Number of protein chains: 2
Amino acid sequence: MEIATFNVNSIRARMDLLERWLKEKRAVDLLALQEIKCTEENFPFERFERLGYDCAVFGQKGYNGVAICSKYPLYDIKKGFADSLFDNQKRVIAAKAGDYRIINVYAPHGDLEGEKLIYKLRFFSKLKSYIVENFSLKEKLIVVGDMNVARDDMDVWDPVLLKGSIGFMDEEREAFEDFVSIGLVDTYRELRPNEPGFTWWDYKNGAIWRNQGMRIDYILTSPNAFERCEDIDVDLWTRKRRSPTPSDHAPVVAHFRDE
Amino acid sequence: MEIATFNVNSIRARMDLLERWLKEKRAVDLLALQEIKCTEENFPFERFERLGYDCAVFGQKGYNGVAICSKYPLYDIKKGFADSLFDNQKRVIAAKAGDYRIINVYAPHGDLEGEKLIYKLRFFSKLKSYIVENFSLKEKLIVVGDMNVARDDMDVWDPVLLKGSIGFMDEEREAFEDFVSIGLVDTYRELRPNEPGFTWWDYKNGAIWRNQGMRIDYILTSPNAFERCEDIDVDLWTRKRRSPTPSDHAPVVAHFRDE
DNA sequence: GCGGGGTGCG
DNA sequence: CGCACCCCGC
């Protein structure tokens with residue numbers, strides 16, 4: 001089973017390119033999409049159906065929005081945290097596919113200070129309690145998505161320059177580490193300890209062409225799921241082009257043994 | 001010499017398609033463009049230069065704007081009517097190319113009543129006096145552009161339905177006829193008396209696919225220029241496609257004998 | 001820099 | 001319907 005996480009930065013703006021990627025490059029079994037930026041009414045269900053995917057969508061107008069698209073039927077679908085304090089922003093959707101439990105996350109962007117930063121830090125503690133209270137780390141749990149945090153110096157193109165900037169501040173990293181510490185494995189870093197594995201490059205300054213990126217999209221697993229994880233990579237096929245305009249993120253794809 | 005008039009509905013949105021038309025279909029000698037919708041600063045001079053065109057531009061931010069692009073050097077360039085009552089809207093540019101005097105016009109859209117209609121009617125009387133006072137009908141004069149008026153029943157797809165609607169109201173037609181009566185020849189109607197020659201189709205309802213159009217773009221000539229006019233047609237190459245999005249107008253192209 | 005939203009224009 | 005404009009989010 002091949003699982004991809006991909007912040008598409010608008011599913012409607014990206015559908016043509018995404019379809020080409022699935023057809024010409026990589027027919028992954030499960031797609032976890034972030035920032036679909038549309039409501040369920042405007043989600044291109046039919047196009048995914050034609051490609052063989054069953055979709056669960058938690059959408060919102062203009063901003064945020066997450067979806068899971070799977071070649072295996074989805075069940076046990078949970079939209080949001082079931083917490084009115086958080087669920088006005090559509091950032092989490094969970095579902096089971098086969099014996100895997102997928103939790104798809106779009107963490108807040110945050111800010112250098114103030115309410116947006118507070119909200120981002122609280123989001124990770126909410127995500128932690130949500131997972132611990134609703135699921136079990138003994139499941140084949142896969143938590144994927146755009147976490148908007150780089151864990152370590154290796155995960156950013158210039159750790160000195162970027163220290164203290166959004167996505168690489170000490171508070172953010174601590175909040176994210178505290179979440180990961182419930183027992184999740186950072187599969188990319190585990191399997192590729194010597195590769196940066198950037199997943200995001202700013203649209204500005206042609207950052208992709210200078211490889212000035214950050215690793216902020218993750219595939220995190222419970223130990224039971226990690227046991228089956230055979231490989232993981234960042235797929236640059238969509239990102240390294242000028243037209244049609246790609247997302248600023250690249251998909252991360254992990255392969256899990258069928259057993 | 002092949003001369004085209006083309007309301008591009010934004011030169012920046014249309015440049016790729018226009019370039020393909022010039023390269024793959026029809027390398028006209030002179031292009032009269034309307035609704036470029038940009039200032040001179042934002043006009044793609046370099047791309048036209050690479051295609052071999054010398055450009056004279058009378059632009060404005062967001063709306064209106066006209067340009068003449070020519071493979072023969074342009075001279076005697078006149079921008080606007082030199083009348084502050086009209087020249088806040090950039091709708092007229094004139095230039096000589098070879099021994100032809102080209103006057104490129106984007107007439108106002110108008111309305112069913114009120115100030116916009118008044119302005120449109122006044123525009124044609126201003127255009128008339130502008131031409132009579134500045135130029136001579138004895139020149140090889142070519143007045144082209146989007147006149148936003150259909151002359152006759154044959155020039156609209158449903159004269160009964162459209163009677164009294166914008167572009168086909170009696171007042172508009174009379175004002176336009178009064179202008180043409182200075183001694184201009186409607187070359188398309190003269191050379192193709194039995195063809196509708198629509199030049200514009202509404203974006204709505206897929207009007208192009210039902211041929212629900214109007215003939216509102218003209219190549220009008222003085223008798224001396226008409227003597228050299230060998231053929232004229234509406235080129236549907238750009239219009240009859242879905243992607244990239246075409247202008248709602250099609251170019252009209254006339255061929256003038258070199259002598 | 002590239003998305004979304006809205007509004008104005010034709 | 002598809003441009004332009006603006007403001008906003010990331």
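Here the structure is a predicted model, which means the values were calculated and not measured. Proteins get letters first, then strands, A, B, ... in listed order; numbering begins at 1 in each.
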Rounded distance (Å) that lies between atom P of C:dC9 and atom NZ of B:Lys61: 15 Å
CD/B:Glu24: more than 12 non-hydrogen atoms of other groups inside 6.0 Å: yes
B:Tyr188-B:Asp217 side chain donor-acceptor pair, cut-off 3.5 Å: no
Euclidean distance, atom CZ of residue A:Arg210 to atom P of C:dG1 [Å, nearest integer]: 11 Å
Length of the CG-C1' vector between A:Leu17 and C:dG3, whole Å: 14 Å
Modelled atom types, side-chain donor and acceptor of B:Asn42 and B:Thr39, under 3.5 Å: yes
Separation of C:dG4 P from A:Glu35 CD (nearest whole Å): 11 Å
Output field: ring centroids A:Phe124/A:Tyr130 closer than 6.0 Å: no
Nucleic acid contacts - residues 196-204 of chain B versus DNA chain D, non-hydrogen atoms under 4.0 Å: B:Tyr203, B:Lys204
Test ring-ring contact (aromatic ring centres under 6.0 Å, His included) applied to A:Phe81 and A:Phe123, step by step: CA-CA 10 Å; A:Phe81 291 126; A:Phe123 180 90; 5.5 Å; yes
Leading and trailing nucleotides of DNA chain D with any atom under 4.0 Å from heavy atoms of chain A: D:dG9 to D:dC10
A:Asn9 side chain to A:Glu35 side chain, donor-acceptor N/O pair below 3.5 angstrom: no
Under-4.0 Å side-chain N/O to phosphate OP1/OP2 contact, A:Ser247 with C:dC2: no
Members of residues 144-165 of chain A that approach DNA chain C, where some heavy atom sits under 4.0 Å away: none
Distance below 4.0 Å between B:Lys116 side-chain N/O and C:dG8 OP1 or OP2: no
Validation row, ring centre A:Phe43 to ring centre A:Phe58 under 6.0 Å: no
Separation between NZ of A:Lys90 and NZ of A:Lys61, rounded to the nearest 0.5 Å: 13.5 Å
Crowding at NZ, B:Lys163 (>12 non-hydrogen neighbours, <6.0 Å): no
For atom CD of B:Glu172 and atom P of C:dG10, their distance in whole Å: 13 Å
Length of the CG-P vector between A:Asp16 and C:dG3, whole Å: 12 Å
B:Gln34 versus B:Asn104, side-chain donor and acceptor atoms under 3.5 Å: yes
Closest-nucleotide ordering on DNA chain C, the 5'-leading residue of A:Tyr63 and A:Asn205: A:Asn205
Side-chain donor/acceptor of A:Asp146 to backbone N/O of A:Asn148, under 3.5 Å: yes
A:Arg210 charged N/C atom sitting above A:Trp157 aromatic ring, 6.0 Å / 45°: no
Protein-nucleotide distance (A:Ile11, atom CD1; C:dG4, atom P), rounded to Å: 11 Å
Residue mapping more 5' on DNA chain C - nearest nucleotide basis, A:Gly206 or A:Ala13: A:Gly206
Atom-pair distance (CD on B:Gln34; P on C:dG10), nearest Å: 16 Å
